[in-house]
2 protein chains.
Amino acid sequence: MKKPQAERAGRVERAPLDPEMFDPVCPSPLVPFRVGDKWAPMILRCLQDGPRRFSELKIPLRGITSKSLTQSLRGLERAGFLAREEQHGGTERRVEYALTALGRGLLDPLDAACEWTREHWDELIEAQEAALAGAESGHR
Amino acid sequence: MKKPQAERAGRVERAPLDPEMFDPVCPSPLVPFRVGDKWAPMILRCLQDGPRRFSELKIPLRGITSKSLTQSLRGLERAGFLAREEQHGGTERRVEYALTALGRGLLDPLDAACEWTREHWDELIEAQEAALAGAESGHR
DNA sequence: TACGGCGGTATCCGATCGGAAACCAGCCAT
DNA sequence: ATGGCTGGTTTCCGATCGGATACCGCCGTA
């Protein structure tokens with residue numbers, strides 16, 4: 001029987017990340033606001049309920065390569081939005097990434113941006129299509 | 001009291017854009033939020049008080065090349081955030097770019113993001129420096 | 001001993017970004 | 001007719017982004 005290491009480390013058990021928390025059909029690139037690089041906003045979201053491990057983050061960020069994840073994490077770390085915490089004391093290798101106070105604060109305007117996008121989703125799609133149609137018949 | 005003379009065209013005399021409205025020392029790239037490409041947020045800001053001409057926009061966007069400005073404008077147009085209005089009736093060539101309703105709405109979350117950045121400016125700088133210093137002595 | 005999981009690096013590559021510079025047509029005033 | 005202004009386009013180029021792939025040491029388990 002496998003014993004959860006979380007207990008040994010006195011760690012609180014949190015729900016695992018939903019592998020489908022990011023809809024591949026309407027991914028964040030369509031959100032007109034961006035924070036950092038391609039993956040950064042999603043990483044921030046993943047960390048909002050507490051620290052997560054490298055391999056834990058890879059799950060909802062479907063298809064991300066180790067390199068890209070490392071890069072994004074380092075970038076967010078350099079900006080001071082998250083902290084890398086390496087546990088040496090434990091029995092096995094464990095590295096966790098946690099939002100700093102600054103990073104947590106970043107979630108507010110990020111939420112606002114996402115909310116705006118949700119509210120104007122139809123308009124966004126419609127405007128894009130109209131502009132595309134206009135480009136075909138209009139000034140071309 | 002001075003009277004605007006261009007009102008027959010429905011055009012109101014507005015203050016010209018401040019050539020230094022974007023501080024080259026703390027430019028928007030330091031803002032962790034972005035809208036579209038490098039120049040897009042600044043262009044949106046330039047248009048918030050009404051339509052502007054191509055050459056008018058070039059002034060505060062110091063050093064922007066024609067190509068980059070055209071690119072950014074086309075991108076924002078494709079997204080439905082602004083509209084290109086070419087005046088054929090007039091005597092001289094005149095092209096104006098104006099925010100759409102959607103684009104104007106975009107200013108709200110953009111303001112929120114800028115406001116957040118202003119509020120946390122010191123922390124942002126400090127966190128960056130701390131992370132940089134930590135990288136030198138820390139996990140290396 | 002071998003194997004698998006973890007948390008990465010190193011290298012290569014094609015795509016994209018964005019600036020520099022040259023060029024252009026139409027209109028205007030001199 | 002000549003030069004200047006407007007609103008671009010085109011070409012070239014170096015830098016950066018981001019994915020694919022291969023590889024790595026460390027640890028725990030079988």
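Heavy-atom basis, side chains included; hydrogens, waters and symmetry copies ignored. Labels below follow one simple rule: chain letters A, B, ... track the order of the sequence lines, proteins then strands, and each chain is numbered from 1.
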Could you tell me whether the side chain of [X] and the main chain of [Y] form a donor-acceptor pair under 3.5 Å?
X       : Y       : value
S68(B)  : I64(B)  : no
W116(A) : G105(B) : yes
T100(A) : A83(A)  : no

Looking only at N and O atoms, is any donor in the side chain of K67(A) or the base of dG8(C) less than 3.5 Å from an acceptor on the other one?
no

[X] [atom1] to [N] [atom2]: how many Å, rounded?
X      : N       : atom1 : atom2 : answer
Q71(B) : dC17(C) : CD    : C1'   : 8 Å
Q87(A) : dG8(C)  : CD    : P     : 12 Å
I64(B) : dT9(D)  : CD1   : P     : 14 Å
E56(B) : dC5(D)  : CD    : C1'   : 15 Å
E85(B) : dG8(D)  : CD    : P     : 13 Å
E86(B) : dC27(C) : CD    : P     : 11 Å
R94(A) : dG5(C)  : CZ    : P     : 17 Å
L57(B) : dG7(D)  : CG    : P     : 10 Å

When R93(A) and G63(A) are each assigned the nearest nucleotide of DNA chain D, the 5'-most assignment goes to G63(A)

Phosphate-side-chain proximity, [X] and [N], N/O vs OP1/OP2 below 4.0 Å:
X      : N       : result
R74(B) : dG7(D)  : no
R52(A) : dG7(C)  : no
S68(A) : dG19(D) : yes
R53(B) : dG7(D)  : yes
T65(B) : dA20(C) : no
R84(B) : dG8(D)  : yes
K58(A) : dG8(C)  : no

Over all strands shown, is S66(B) touching base, sugar-phosphate only, or nothing at heavy-atom distances under 4.0 angstrom?
base

Say whether Q48(B) and R45(B), considering side chains only, have a donor N or O and an acceptor N or O under 3.5 Å apart.
yes

Bending between helix ends of the helix from dT1(C)-dA30(D) to dT30(C)-dA1(D) [5 pairs per end, 10° resolution]:
10°

SB check R52(A) E85(A) (cutoff 4.0 Å)
no

Between K58(B) and E56(B), does any NZ, NE, NH1 or NH2 come within less than 4.0 Å of an OD or OE carboxylate oxygen?
no

Nearest to the side chain of E92(A), heavy atoms from C-beta on, is which of dG28(D), dG8(D), dG8(C)?
dG28(D)

From the candidates dG8(D), dG18(C), dT6(D), the one with an atom nearest any side-chain atom of D37(B) is dG18(C)

E115(A) meets the side-chain hydrogen bond (donor to acceptor under 3.5 Å, both in side chains) criterion, sequence neighbours left out, with R118(A)

Is there a path from L61(A) to I59(A) through hydrophobic residues (I, L, V, M, F, W, Y) whose side chains come within less than 4.5 Å of each other?
no

